[in-house]
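Computed from a prediction, not measured in an experiment: that's the story for all the values here. Numbers restart at 1 for each chain; the letters A, B, ... are given by sequence-line order, proteins then strands. Keep in mind that the numbers below use all heavy atoms, side chains included, and drop hydrogens, waters and symmetry copies.
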Amino acid sequence: MRELEQLPIPLLAWYHENARVLPWRSDPTPYHVWVSEIMLQQTRVAAVMGYYSRFMETLPDVAALAAVEDDVLMKLWQGLGYYSRARNLKKAAGQVMERYGGALPASYEELLTLAGVGEYTAGAIASIAFGIPVPAVDGNVLRVVARIAGDEGDITLPATKKRMGQALQEIIPTAMPGAFNQAMMELGATVCLPNGAPLCDKCPAAGFCAALAQDKIDLLPVKAPKKARRVEERTVYLIFHEGRVALRRRPEKGLLAGLWEYPNELAEKTDILEQWGIIPTSQRWGGTGKHIFTHIEWHMTARMVQAAGDTLPPGWVWADGPALRQTYAVPNAFQSFVPLVEAGLAGAETLT
DNA sequence: AAACCGGGGTA
DNA sequence: TACCCAGGTTT
């Protein structure tokens, strides 16, 4: 990957002129960098902005994070996705309190031992917050390296990732590794765009980019195709009683772990209300909703139910409007049913 | 190595 | 639609 040797100086010059102003860059303490990097995993900068600011207002330091109530934490994370990130963040905060007295370790290897911190995140924190010269190889960086070096290796393979990481380790400027890593990602996010739509005329590497020279921009990076999603037809039960709606907590492991949801089942299941011990005084079909996860697609149909009594299965709760907004973290998968819920909370007489 | 884990922006 | 995003953990 000879081309990479020419990269650092023009890249850093470009970054100096084009770095975006981001909340976590104004005061890059280890805690700020850590939290922002976890939020940014598989998540765009624009989506993280609001969450980051709110998070720091509520949990300004490691000690606060380690002590936060789970429900408060999940409410702060509601809608951001990949909720295990939040749970690992709190778990790691406990590890930092116990092992290091509340201060993140200035060591790539030690950062790597924290919950939710993998090779990329350890490299990002080490370089940005502590000035340690290690690469931070994310999806942007893999794309940039693949194109500049003209590397046709499958970037989904660990071997390719390792090779590119080693190449970066050899050229990373020891004086400013954090700026270099952020510049690589910034270039990938704003110029060396995916889907064959890069802005090569604005790229500081255009003069020595192998993919550009060989007209292979639209062929790189090479990436193995992903598996198809499966579709699930589900019935979502919006169960009301005296101005409140029924919620249940999802299992602690798996999809949307620990979040709250409107009770739902595969559409093929029948007599489910009976199994739950809920006696309807009235019910009707409501609207439909669709939600696409990475590997599953939910096709949902709402069932509006007025319950005769307030008895619910163990672990379920009745939530009024304020509790729904302030207390219970409900994933965006159910967002399309909010209007139906609002209507149900306001007046159940419409259910007949 | 492959599967699992959200949600949204963009072409 | 399909792709991809400042990836990590589990199997």
Acceptor/donor pairs from residues 191-208 of chain A side chains to any protein atom, 3.5 angstrom cut, sequence neighbours excluded:
none

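Under the 3.5 Å distance criterion, with hydrogens and angles disregarded, a donor-acceptor pair is assigned to the side chains of A:E110 and A:Y100. Side-chain contact of A:R229 with A:T294: a donor-acceptor pair under 3.5 Å is absent, judged by distance alone. Donor-acceptor pairing under 3.5 Å is recorded for the side chains of A:E37 and A:Y120.
A:L168 is not connected to A:V134 by any chain of hydrophobic side-chain contacts under 4.5 Å among Ile, Leu, Val, Met, Phe, Trp and Tyr, and they are in different clusters.
With A:Y15 contributing its side chain and A:N181 its backbone, the two residues share no donor-acceptor pair below 3.5 Å. Panel note: side chain A:N332, backbone A:Q335; no donor-acceptor pair is recorded below 3.5 Å. A distance-only check finds a donor-acceptor pair linking the side chain of A:R87 to the backbone of A:A257 [under 3.5 Å].
On the nucleic acid side, DNA chain B has its first and last nucleotide under 4.0 Å of a heavy atom of chain A at B:dA1 to B:dG9, going 5' to 3'.
Within 4.0 Å of A:G196, counting heavy atoms only, lies no atom of the nucleic acid at all.
The side-chain hydrogen bond (donor to acceptor under 3.5 Å, both in side chains) search around A:R54 returns none, not counting sequence neighbours. For A:E261, the salt bridge (Lys or Arg N to Asp or Glu O under 4.0 Å) partners two or more places apart in sequence, or in a different chain, are A:R248, A:R250. Applying the side-chain contact (heavy atoms from CB on, under 4.5 Å) test to A:L266 and every residue at least two apart in sequence or in another chain returns A:E232, A:R234, A:E268. By the side-chain contact (heavy atoms from CB on, under 4.5 Å) test, A:A86 is found to be paired with A:L73, A:M74, A:W77, residues two or more places apart in sequence or in another chain being considered. The salt bridge (Lys or Arg N to Asp or Glu O under 4.0 Å) search around A:E152 returns A:K216, not counting sequence neighbours.
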Practice problem: Starting at the 5' end of nucleotides 5-11 of chain C, put B wherever the base has a protein heavy atom under 4.0 Å, S where only the sugar-phosphate does, and a dash everywhere else. | Solution: BBBSS--
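B:dG6 sits 16 Å from C:dC3 when the C1' atoms are compared, rounded to a whole Å. Taking atom C1' in both C:dC4 and B:dC5, the straight-line distance is 16 Å, to the nearest Å. Remark: the separation of the P atoms in C:dG8 and B:dG8 is 22 Å, to the nearest Å.
Residues from residues 324-334 of chain A that place a heavy atom under 4.0 Å from any atom of DNA chain B, listed by number: A:P331, A:N332, A:A333. Residues from residues 148-174 of chain A placing a heavy atom under 4.0 Å of any atom in DNA chain B, listed by number, are A:P158. Listed in residue order, the members of residues 57-74 of chain A having a heavy atom less than 4.0 Å from DNA chain C come to none.
The two residues A:W14 and A:A183 come nearest to each other via the heavy atoms CZ3-O, 3.9 Å.
Nearer the 5' end of DNA chain B, as judged by each residue's closest nucleotide, is the contact made by A:G254, out of A:A197 and A:G254.
Distance, A:R229 CZ to C:dC4 C1': 12 Å, rounded to whole Å.
The aromatic rings of A:W298 and A:F334 lie tilted to each other, with the angle between the two planes from 30° to 60°.
The list of salt bridge (charged side-chain N to carboxylate O under 4.0 Å, His left out) pairs with a residue in residues 171-194 of chain A, not counting sequence neighbours, reads A:R20-A:E186, A:R25-A:E186.
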